[in-house]
Q: 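Encoded as structure tokens, here's the structure I'll be asking about.
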Amino acid sequence: MKRWIKINNLPIRFKLISHFLFVSIIPIICLGFLINWTVERVLEEQVNNNTFQLINKVNETLEFHLNNMQSITYFIAANKDIQQFLDQNQEEEVINKVNEYDMTDYLRKITTLSPEVAGLLVINSEGDYISNELYAPSEKNLTDEYWYQEAVDNKGIFKIIGKPKGRSITSLVNYKNDEVISVVRAIVDPYTQKVQGVILIDLKVRVIAETVRDIRLGKTGYLMVIDDQNNTIYQPNDPLIESIPDQWLEEKNTGTFSKLIKGQKLQFIFNKSPFANWTTIGVFPAEETIFEIREIRFYLVFFVFILMLFGIPVSYFLSNSISKPISELMRFMQKAEGGNLAVRYHENRHDEIGLLGRSFNKMLVQMNHLMFLTKRHERQKREAEFRSLQANINPHFLYNTLDTIQWMARKQKADDVAEVVESLAKLFRIGLSKGRDKITLSEEIEHIESYLIIQQIRYREKLNYQIQIGENYRSLYVLKFILQPIVENAIYHGIKERRGLGHITVTANAKEEKLSIIIQDDGVGMSELQLEEMRLALSEAIIRTENREENREKKGYGMLNVQARILLTFGEEYGIYIDSEKGVGTRVEITLPILGDYILKGDRPNA
């Protein structure tokens with residue numbers, strides 16, 4: 001798990017390079033191993049099949065020559081002169097009549113027709129023999145020879161002796177025993193089953209060598225032939241192995257095996273001829289059979305090397321093309337994180353990185369805008385606090401002075417003057433409010449009621465008012481001085497301009513978890529144009545109240561000030577909504593958050 005976490009912490013460029021290399025190189029290496037394994041298996045199977053085919057061809061050739069020797073024995077046995085020579089029941093005179101010269105000439109003609117024959121010899125049961133080129137010492141009875149006995153024991157069946165050893169026969173051409181292969185067959189009387197004699201034929205080993213020696217297995221491989229006694233019939237002059245142990249063949253007619261000989265692995269493929277009972281064996285170094293496999297393997301390794309040679313730079317280029325813009329964007333973000341919000345991402349890309357960069361630029365623009373608004377709001381709050389501090393100085397002095405005037409007016413029985421002065425004193429007292437920005441709705445109502453009392457004394461026949469605020473709302477907290485400017489507008493721009501008695505009604509209720517205070521009058525109202533201008537001014541209240549000197553003399557400045565204070569304090573969700581109709585009156589609704597007594601504990605409201 002920790003190792004995986006360390007991998008996650010690696011730079012994305014190294015991850016991409018590793019990913020590209022893993023995706024491209026690993027499959028190629030696996031494919032190379034698969035191809036190498038398949039080719040090795042197919043080539044090995046093909047080599048074995050080809051070698052088996054060559055061995056079978058050699059066996060067929062050997063069988064052809066040996067079969068031909070067998071046919072010659074039958075052909076000789078069928079000759080009448082030979083039959084008379086072998087028949088011991090014939091009278092001696094008859095035997096003498098047999099022309100030995102003609103029989104010898106007959107055998108020589110066979111030799112001429114079959115050049116692979118090195119010598120022919122026909123011997124009867126008495127030891128007399130005739131031959132084309134073979135002869136034996138005069139004192140030697142050839143019926144005692146082992147080859148004669150093997151022919152007799154085989155009872156007329158063709159017998160392959162192999163390379164003869166220790167026999168008493170010599171050739172006029174002086175063939176050595178290891179240069180010929182002897183085959184024998186006994187001539188048996190078909191009526192008495194008595195052996196009349198034996199025909200011996202010497203086959204030139206050169207014939208077999210010519211069949212086998214031109215066949216090469218690889219560079220140094222060859223074919224060799226052994227008989228059923230494991231005697232070598234043929235093998236090249238410089239063999240890879242002198243002899244094949246019997247246990248290697250395991251009495252099987254065909255098969256393959258490999259052995260480590262003198263530090264070299266040799267491959268053996270053998271097949272036994274069913275007619276001659278000889279085994280032809282293919283011997284070759286195993287490494288020569290896999291030479292082509294090595295060549296293919298070399299090309300595969302070279303191909304993988306070339307792919308890696310090009311794959312690594314391509315992987316680096318691709319990973320760099322992806323990671324570089326990410327790294328640049330990261331550097332921009334780090335600069336922005338360090339406080340430099342003026343940086344911008346300028347790459348003209350249309351991929352995900354480009355979209356992310358443009359979103360980053362938009363985020364910085366919005367952050368700058370929000371920071372500008374925050375700074376401006378803070379500046380306005382500080383200015384408001386400064387103005388409030390200045391405004392609190394004079395009301396203290398005026399409040400004390402008015403309290404003195406009220407006391408003097410009551411002493412002189414001037415009750416109207418005393419009432420006006422008392423209301424005015426309340427205005428200043430509530431205006432002070434110990435410097436608090438928020439007061440209870442009850443105090444705010446007391447403030448505008450004092451203001452209305454003063455105005456009602458001034459406009460005795462023009463103004464009437466009603467304040468209908470439930471007790472459950474009076475303990476809620478509101479911003480200070482939010483009702484007086486609106487009531488003042490209702491009096492001076494609505495009630496004052498109409499004929500007859502005018503009414504102002506102040507009500508409060510809760511709506512959608514918000515406090516709604518409504519000031520409604522039945523004054524002259526506003527035209528649609530005036531109403532639109534007023535609504536536009538309210539929507540731009542913060543900006544318009546910043547230029548205080550230019551706008552404070554304009555109509556509705558007090559209402560704009562209230563709107564700006566509400567927006568700055570509680571946000572755009574709250575504020576003033578005005579509706580008016582010419583000749584009917586004006587309705588102003590102030591929406592505020594519901595603030596309980598937790599304000600006094602210093603907690604912030606939800607709004």
Side-chain angles (χ1 to χ4, degrees), residues 427 441 444-445 447-469 478-509 511-512 514-592:
L427 282 176
L441 180 59
E444 183 69 12
I445 293 300
H447 181 261
I448 63 165
E449 196 167 15
S450 299
Y451 177 76
L452 285 169
I453 290 172
I454 295 172
Q455 296 299 332
Q456 195 175 36
I457 293 173
R458 180 180 178 186
Y459 303 102
R460 289 184 182 277
E461 303 300 331
K462 294 284 291 182
L463 176 63
N464 191 14
Y465 69 90
Q466 290 181 332
I467 299 176
Q468 300 173 350
I469 305 295
V478 297
L479 287 177
K480 188 169 63 177
F481 298 160
I482 59 174
L483 298 181
Q484 187 271 335
I486 298 172
V487 172
E488 182 180 348
N489 280 345
I491 294 173
Y492 283 97
H493 302 295
I495 302 299
K496 184 180 175 181
E497 301 296 331
R498 64 162 286 162
R499 291 183 178 179
L501 180 63
H503 296 82
I504 296 175
T505 304
V506 180
T507 59
N509 57 73
K511 185 170 61 178
E512 296 178 354
K514 296 177 182 176
L515 177 61
S516 175
I517 304 173
I518 300 172
I519 302 97
Q520 188 165 4
D521 67 75
D522 56 355
V524 296
M526 290 184 283
S527 64
E528 291 185 2
L529 179 61
Q530 291 175 324
L531 180 61
E532 291 298 324
E533 291 178 349
M534 194 63 203
R535 286 175 175 173
L536 177 62
L538 288 174
S539 64
E540 300 174 348
I542 296 177
I543 298 176
R544 293 196 179 193
T545 53
E546 283 183 346
N547 300 321
R548 186 176 52 186
E549 298 301 328
E550 297 179 2
N551 295 285
R552 72 180 309 164
E553 300 300 331
K554 293 183 179 179
K555 180 180 177 181
Y557 176 77
M559 187 180 292
L560 296 180
N561 183 272
V562 173
Q563 173 77 335
R565 288 164 57 205
I566 293 174
L567 294 177
L568 290 172
T569 304
F570 302 120
E572 295 182 354
E573 187 179 357
Y574 306 95
I576 297 174
Y577 176 77
I578 186 169
D579 194 10
S580 182
E581 185 176 354
K582 190 71 175 180
V584 176
T586 301
R587 181 180 182 274
V588 178
E589 181 178 7
I590 303 174
T591 304
L592 298 170

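By convention here, the first residue in the shown sequence is residue 1.
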Q: Over all heavy atoms of both residues, which pair between Ala508 and Leu441 is shortest? Give the atoms and the distance, please.
A: CB-CD2, 4.3 Å
Q: Please test Leu515 against Thr591 for side chain to side chain contact (heavy atoms under 4.5 Å, CB included), starting from the C-alpha separation and ending with a verdict.
A: CA-CA 6 Å; Leu515 177 61; Thr591 304; over 6 Å; no
Q: Any side-chain heavy atom of Ile590 sitting closer than 4.5 Å to one from Ile519?
A: yes
Q: Side chain to side chain contact (heavy atoms under 4.5 Å, CB included), that's the test. Do Leu536 and Glu532 meet it? Break it down for me.
A: CA-CA 6 Å; Leu536 177 62; Glu532 291 298 324; over 6 Å; no
Q: Could you report the tightest heavy-atom contact between Asn464 and Leu501, atom names first, then the distance?
A: N-CD1, 3.8 Å
Q: Contact between Met559 and Val588 at the side-chain level, heavy atoms closer than 4.5 Å - yes or no?
A: yes
Q: So how far is it from Ile542 CD1 to Leu568 CG, rounded to the nearest 0.5 Å?
A: 4.0 Å
Q: If you measure from CD on Glu488 to CD on Gln455, what distance do you get to the nearest 0.5 Å?
A: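 That separation rounds to 7.5 Å.
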Q: If you compare all heavy atoms of Ser516 against all heavy atoms of Glu589, which two are closest, and at what distance to 0.1 Å?
A: OG-OE2, 2.6 Å
Q: Nearest 0.5 Å please: distance from the CD atom of Glu533 over to the CG atom of Leu529.
A: 4.5 Å
Q: Identify the two heavy atoms, one from Glu449 and one from Tyr465, that lie closest to each other, and give their separation to 0.1 Å.
A: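 That closest heavy-atom pairing would be CG-OH, 3.8 Å.
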Q: First locate atom CE of Met534, then atom CG of Asn489, and finally report the distance between them rounded to the nearest 0.5 Å.
A: 6.5 Å
Q: Okay, side chain of Lys462, backbone of Arg498: is any donor-acceptor separation there less than 3.5 Å?
A: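 Indeed, once roles are kept as given, a pair shorter than 3.5 Å links the two residues.
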Q: Check whether more than 12 heavy atoms from other residues, nucleotides or ligands sit under 6.0 Å from atom CD of Glu572, and answer yes or no.
A: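 No.
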Q: Whether the side chain of Asp522 engages the backbone of His503 through a donor-acceptor N/O pair (distance < 3.5 Å, no angle test) should be reported.
A: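 Yes.
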Q: Can you check whether Ile482 reaches Glu444 side chain to side chain, under 4.5 Å on heavy atoms?
A: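 Yes - at least one pair of side-chain heavy atoms lies under 4.5 Å apart.
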Q: Can a donor-acceptor pair be found, under 3.5 Å and without considering hydrogens, that links the side chain of Arg535 to the backbone of Ile578?
A: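 Side chain of Arg535 to backbone of Ile578: a pair is present.
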Q: How long is the span from the CD1 atom in Ile495 to the CD1 atom in Ile504, to the nearest 0.5 Å?
A: 5.0 Å
Q: Shortest non-hydrogen contact from Gly525 to Thr586?
A: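 Taking every non-hydrogen atom into account, CA-OG1, 3.7 Å.
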Q: If you round to the nearest 0.5 Å, how far is NZ of Lys480 from NE2 of His447?
A: 9.0 Å
Q: Output, in order, the C-alpha distance, side-chain angles, deciding distance and verdict of side chain to side chain contact (heavy atoms under 4.5 Å, CB included) for Ile576 and Ile486.
A: CA-CA 10 Å; Ile576 297 174; Ile486 298 172; 4.1 Å; yes
Q: Is there side-chain contact between Phe570 and Leu592, with heavy atoms separated by less than 4.5 Å?
A: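 Sidechains of Leu592 and Phe570: in contact.
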Q: Which heavy atom in Leu567 sits nearest to a heavy atom in Tyr574, and how many Å separate them?
A: CD2-O, 3.2 Å
Q: With side-chain contact (heavy atoms from CB on, under 4.5 Å) as the test, pick out the partner of Leu483 among Ile517, Val478, Val562.
A: Ile517
Q: So do Val506 and Ile518 actually touch side chain to side chain, heavy atoms under 4.5 Å?
A: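 Contact flag for Ile518/Val506 side chains = no.
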Q: Would you find a donor on one side and an acceptor on the other, under 3.5 Å apart, between the side chain of Gln484 and the backbone of Phe481?
A: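 Side chain of Gln484 to backbone of Phe481: no pair is present.
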